[in-house]
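Read through the structure below, which is laid out as structure tokens, and then see the notes.
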Amino acid sequence: MEIASVIVDVPTKQTDRAFDYLIPDQWRETIQPGMRVIVPFGPRNIQGFVVELKKESELKQLREIIEPMDLEPVLNKELLALGNWLMETTLCFKIFAYQVMLPAALKAKYEKMVKLAPGVGLDSLPSPLRAFFSKDGKLDWVDALKNGIVSLLQKETAKGHLEVNYIVKEKVKKKQRKYIRPHVPLAALKEEMERLPANAEKQKQVLNYFVEHFTAVELRLLVAEVNATASTVKALVGKKLLAEEEMEVYRDPYEHRTFERTKPLPLTKDQQIAIVPILNALEQNLHEVFLLYGVTGSGKTEIYLQSIQEVIEKGQEAIVLVPEISLTPQMVNRFKGRFGDLVAVLHSGLSAGEKYDEWRKIQRKEVKVVVGARSAIFAPFENLGIIIIDEEHETSYKQEEMPRYHARDVAIERAKTYSCPVILGSATPSLESFARAQKKVYHLLSLPSRMNNQPLPAVEIIDMREELREGNRSMFSRKLFEMLKDRLEKQQQSVLFLNKRGHSSFVMCRDCGYVMNCPNCDISLTYHRVNEQMKCHYCGYESFVPKVCPECSSEYIRYFGTGTQKVEDELGKILPEARIIRMDVDTTGRKGSHERLLRDFQDGKADILLGTQMIAKGLDFPNITLVGVLSADTMLHLPDFRASEKTFQLLTQVSGRAGRHQLPGEVIIQTYTPEHYSVELAGTQDYDLFYQQEMMIRKTHHYPPFYYLSLITVSHDQLLAVVTATEKIVNYVRLRLSDAAVILGPAASPIPRINNRYRYQCLIKYKREPNLTKTLKTILDQYQKDTKSGLQVSIDVNPFILM
DNA sequence: AGCACGCCGACT
DNA sequence: GTCGGCGTGCTC
């Protein structure tokens, strides 16, 4: 095998195919599919993935691979095939499909350098250039651009005085540490020690260290231990008495923490019933998807843990997916506590290097379990025994950029190849999954009651319109205020939940109704108190807050919407004695602050925890007896067919934070639409009724789970061009699909303009369209190929956000 | 994505 | 007549 097919790191339609390269003799045995290689591509050198080895190519003139970047493949056979599947199902470029499966650290960094050609002296260059090359004869292209000397450089390059180098670099190096070990047997070492001259006192001490500890030791530890210097050690290495070597060490984000080991807990009756089919599937190596439907606090995690235990005992591996926001220390503790060092953790809080190290542990089979957010589904295990997706309904499992995959789909695809079970766990399953369970596509397992039979908290829904009518204009209903005060007196803790961040969301004139919009995008600007500015979340546009209304010059221009900061201020006024911890993106930005805030709350350093999304999950403290939702309907009015589902899930989720232990819990939900079924049914925590109601609505409106969706979005800086192109696309789709498909559009996107580009879309609803993928591919082919029209077409198969 | 090649306007 | 603008097309 002397030819390698390579997918190059150039994400365009035209290069979205394999390119053949000759493998130089010295790499013939080394290079394998799944390895990264550096290849020449046009005038540059870039990274690529070897996908195939072959004997012949249709092309005569092949260029040679420059060098491999790995000693062993980073993508095994299974992952290479999975990449293909990803590309087919999400319609993305091959290179994206491969890159998404690897830690970001393995993505190449490129550098372009100009240096003096060999044998050319500095004086050959024109004088203005000499200074740039006087140091080491090299110049970074970025610096050349900054200094505006590019054309001068090009002239010299043409003359052969300079040459351009393209360098492919690793983003993150393996962390190496220098280790020193004895190079001669112990007896020889002793002998040499005696023979050293008397003035070599330090060297003697170093050798003596090795006589006492005849093993490798890290250089800096050795130096500290015997109070020597590195040069002393070096001298001994020079005498060949000691040897030095580089060893890879891991950056361990949990290095200084100990985990209390836990034993499997006895299962409740419900848990025992639920786990049997899972253990059965494990025993028989059956691929089966289980939907573990259990109310909050019903002990789903223990089922995961014991299933994993079984998998490990079989010598297999497990992947556990957890939504990013609930990847809390508490969650990590539960897994590390049970399986100790066999667990790798992957989440966004880790640095690129730390993520890479965790990934290396998986690759080197040093761990058996990986707990992580969405992308952990690509963990390079080769003997998977089970995949668990906790909080299965979470929307964060869908990636919103290329490749737009859903972790649940990837999980099922991988589990099929390994013939192993998948567990989807949730207290509020997504309608898609629950419907599949009803149709027996998934195996439904229920945990209907909380462990130790704690009742679910009592939920009260407060109509905020009523409050307003009775003259209460604050954001706290009288009832909620009373209860907060009551908990304060009883020294119990409360959690207040708000579905927004920042201070206020938008600025509106109370006289003429003017709302500040982004000039580039058709959405309102968001007020940020930190820098007193209005900001656009889509294009980054910033502007100052107007003192008077730009439209009518009224001074009554106010902030609308409520953010955590504002609630905190307000709370400080009405309950000055309360100690409050605020948790949102602003206060948890720094590494570890999330953890610290939670610990403070757990230690009773605050009475009220106020926060957004991130406190809805995983929070499990005994002293919380009150949960307040300040406004339940903030999400309800989004242009999203899942708005009701999300509202119901969130409210149920938040309510579950109260009274998980001895003390009973109460929940207050404030809303302006108490009659809405998703609010009402969250109040009674009746998932089954919600499911039925919502299914009816989905059915009449042709939405999932009754129909699949695909969304085509077209954008261009000219409105007319977008409409025309979208129209063409819609017609084409109509022509190719059956009459059973519902094709909507062309219609303006819910955000009609982003960054001065108009956006139109076509929404396809369908049940079975064997022609669809081919049709969508053709459309992408057409529009991605020609870059000159300026049209951008993107396709989301099974979109979660219709914007 | 880069970069080279190539064909038309403002300079020595 | 040349330098340089960026439109078009290619990269094994």
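Chain identifiers are assigned alphabetically (A, B, ...) following the order of the sequence lines, protein sequences preceding nucleic acid strands; residue numbering begins at 1 within each chain. Note that this is a predicted model, so its numbers are computed, not measured.
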Problem set entry | A:Ser396 side chain to A:Glu324 side chain, donor-acceptor N/O pair below 3.5 angstrom | no
Closest non-hydrogen atom pair between [X] and [Y], with its separation:
{"X": "A:His347", "Y": "A:Lys355", "result": "O-CE, 3.3 Å"}
{"X": "A:Asp9", "Y": "A:Gln99", "result": "OD1-NE2, 3.1 Å"}
{"X": "A:Val10", "Y": "A:Thr15", "result": "O-OG1, 2.7 Å"}

Exercise. Among residues 21-36 of chain A, which residues get a heavy atom nearer than 4.0 Å to DNA chain C?
Worked result: A:Tyr21
Write down the distance between [atom1] ([X]) and [atom2] ([N]), rounded to a whole number of angstrom.
{"X": "A:Gln14", "N": "B:dC3", "atom1": "CD", "atom2": "C1'", "value": "13 Å"}
{"X": "A:Asp16", "N": "B:dA1", "atom1": "CG", "atom2": "P", "value": "13 Å"}
{"X": "A:Phe41", "N": "C:dT11", "atom1": "CZ", "atom2": "C1'", "value": "4 Å"}
{"X": "A:Ile7", "N": "C:dT11", "atom1": "CD1", "atom2": "P", "value": "16 Å"}
{"X": "A:Lys54", "N": "C:dC12", "atom1": "NZ", "atom2": "P", "value": "14 Å"}
{"X": "A:Leu62", "N": "C:dT11", "atom1": "CG", "atom2": "C1'", "value": "13 Å"}
{"X": "A:Lys785", "N": "C:dC10", "atom1": "NZ", "atom2": "C1'", "value": "14 Å"}
{"X": "A:Ile95", "N": "B:dA1", "atom1": "CD1", "atom2": "C1'", "value": "12 Å"}

Exercise. Between A:Tyr110 and B:dG2, does any side-chain N or O lie under 4.0 Å from OP1 or OP2?
Worked result: no
Exercise. Does A:Lys112 make a side-chain N or O approach to OP1 or OP2 of B:dC3 shorter than 4.0 Å?
Worked result: yes
Show each protein N/O and nucleotides 2-8 of chain C N/O combination with a separation under 3.5 Å, one pair to a line.
none

Exercise. Counting only heavy atoms not in A:Lys159, do more than 12 sit closer than 6.0 Å to its NZ atom?
Worked result: yes
For this session: May I ask you to check whether over 12 heavy atoms, not counting those of A:Gln26, lie within 6.0 Å of atom CD?
Result: yes
Exercise. Can you name the one residue among A:Asp796, A:Asp409, A:Asn798 that meets side-chain hydrogen bond (donor to acceptor under 3.5 Å, both in side chains) with A:Lys398?
Worked result: A:Asp796
For this session: Please tell me which of the listed nucleotides, C:dC12, B:dC3, B:dA1, lies nearest to the side chain of A:Tyr166?
Result: B:dC3
Problem set entry | Mutual orientation of the aromatic rings belonging to A:Tyr405 and A:Phe378 [parallel < 30°, tilted 30-60°, perpendicular > 60°] | perpendicular
For this session: Anything under 30° is parallel, anything over 60° is perpendicular, the rest tilted; go ahead and classify A:Phe19 against A:Phe41.
Result: perpendicular
For this session: With heavy atoms under 4.0 Å as the rule, sort A:Arg63 into base, sugar-phosphate or nothing.
Result: sugar-phosphate
